[in-house]
Amino acid sequence: LCCFGSSHVSSYFGSLARGTLRPKAAQPVLYLAIIGPTAMSIMRTIILAALALVADASSASPQAPTCFDIQCADIMCLSPFKLRRLGDQCCPICWADDDEIKLDRHTALSAPSPYRTDVHPAAPTTCGGALCFKPFCASGYTVGHEQGRCCSVCVPGR
């Protein structure tokens, strides 16, 4: 038990026995609650639960400082993907190793592409080095040029 002074403790318990427990306004008095075994059991459970939460939070992988105010989506991964978040990622992603899924590894064509074309002759001078592809236009459209564009586009037929 802890108290401010023995006179306060004896005064408290004396008043408790007489049923006249009234603190004086000018004197600081620490009143002690008598806790039963049930209340102690509940308090122990609450403390253990709080400690378990702290331990769980400390074992989680730390997030990057830039992730402070970001809320991640609740995602589920389909097999063979697994939920994974690295230390520098804010949110988890679905991930599978290269040997678990087929990869589409593009390689350069050995011959020039039949779909690639030069920039349009009316293109701005800032288009040097642009890569253009031959447009395939729907019915009613033809290959043409729009002001400010580097490559040929489909324009309404003329």
Side-chain angles (χ1 to χ4, degrees), residues 1-4 8 12 21 23 25 28-158:
L1 296 174
C2 174
C3 51
F4 287 107
H8 291 292
Y12 169 77
L21 182 61
V29 178
L30 176 64
Y31 293 103
L32 304 174
I34 300 172
I35 300 175
T38 305
M40 286 297 283
S41 166
I42 292 171
M43 286 178 57
R44 280 188 195 117
T45 305
I46 291 171
I47 290 170
L48 288 174
L51 289 173
L53 286 174
V54 169
D56 185 44
S58 65
S59 68
S61 57
Q63 285 190 328
T66 55
C67 303
F68 171 71
D69 202 21
I70 294 177
Q71 291 187 354
C72 299
D74 186 21
I75 60 173
M76 290 177 35
C77 301
L78 301 175
S79 183
F81 293 96
K82 295 177 180 78
L83 198 63
R84 173 177 126 175
R85 183 179 69 81
L86 298 177
D88 62 344
Q89 293 174 305
C90 292
C91 297
I93 60 170
C94 293
W95 179 264
D97 290 325
D98 290 349
D99 59 339
E100 294 182 48
I101 57 172
K102 282 190 170 187
L103 298 176
D104 184 8
R105 300 280 189 204
H106 286 64
T107 56
L109 297 173
S110 57
S113 172
Y115 306 106
R116 187 168 163 199
T117 63
D118 293 329
V119 294
H120 194 277
T125 56
T126 56
C127 292
L131 300 176
C132 297
F133 296 90
K134 180 182 175 186
F136 292 94
C137 301
S139 177
Y141 288 84
T142 59
V143 175
H145 184 260
E146 286 184 0
Q147 183 71 26
R149 298 244 179 168
C150 294
C151 303
S152 299
V153 295
C154 295
V155 294
R158 297 182 186 149

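Being a predicted model, the structure only gives us computed values, none of them experimental.
- Taken together, Cys90 and Cys67 meet the criterion of an SG-SG distance shorter than 2.5 Å.
- Side-chain contact between Tyr115 and Phe136 is present, with heavy atoms from C-beta onward closer than 4.5 Å.
- Residues Phe133 and Cys151 form no side-chain contact, since every pair of their non-hydrogen atoms from C-beta on lies 4.5 Å or further apart.
- Between atom SG of residue Cys72 and atom CD1 of residue Ile93 there is a gap of 11.5 Å, rounded to the nearest 0.5 Å.
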**OP:** Go through Cys154 and Thr142 one step at a time and tell me if the side-chain contact (heavy atoms from CB on, under 4.5 Å) criterion holds.
**Re:** CA-CA 5 Å; Cys154 295; Thr142 59; over 6 Å; no
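- Counting all heavy atoms, side chain and backbone alike, Pro124 lies closest to Arg149 at CD-O, 3.4 Å.
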**OP:** Test side-chain contact (heavy atoms from CB on, under 4.5 Å) on Cys94 and Leu78 and set out the steps.
**Re:** CA-CA 8 Å; Cys94 293; Leu78 301 175; over 6 Å; no
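- For Val143 against Ser152, the heavy-atom pair with the smallest separation is CG1-CB, 3.6 Å.
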Original post:
Between Glu100 and Lys82, is a side-chain contact (heavy atoms from CB on, under 4.5 Å) present by the stated rule, with each step listed?
Top reply: CA-CA 11 Å; Glu100 294 182 48; Lys82 295 177 180 78; 3.7 Å; yes
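- Arg84 contributes atom CZ, which lies 7.5 Å from atom CG of Asp97 (distance to the nearest 0.5 angstrom).
- Between Cys132 and Cys150 the SG-SG gap reaches or exceeds 2.5 angstrom.
- Across all non-hydrogen atoms, the minimal contact from Glu146 to Val155 is CG-CG1, 4.2 Å.
- Using a 4.5 Å cut-off on side-chain heavy atoms (C-beta onward), Leu83 and Cys77 make contact.
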**OP:** Report the C-alpha distance between Leu131 and Arg116 in whole Å, list the side-chain angles of each, state the deciding distance to 0.1 Å, and finish with yes or no for side-chain contact (heavy atoms from CB on, under 4.5 Å).
**Re:** CA-CA 7 Å; Leu131 300 176; Arg116 187 168 163 199; 2.7 Å; yes
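- The distance from the CG atom of Leu86 to the CH2 atom of Trp95 is 8.0 Å, given to the nearest 0.5 Å.
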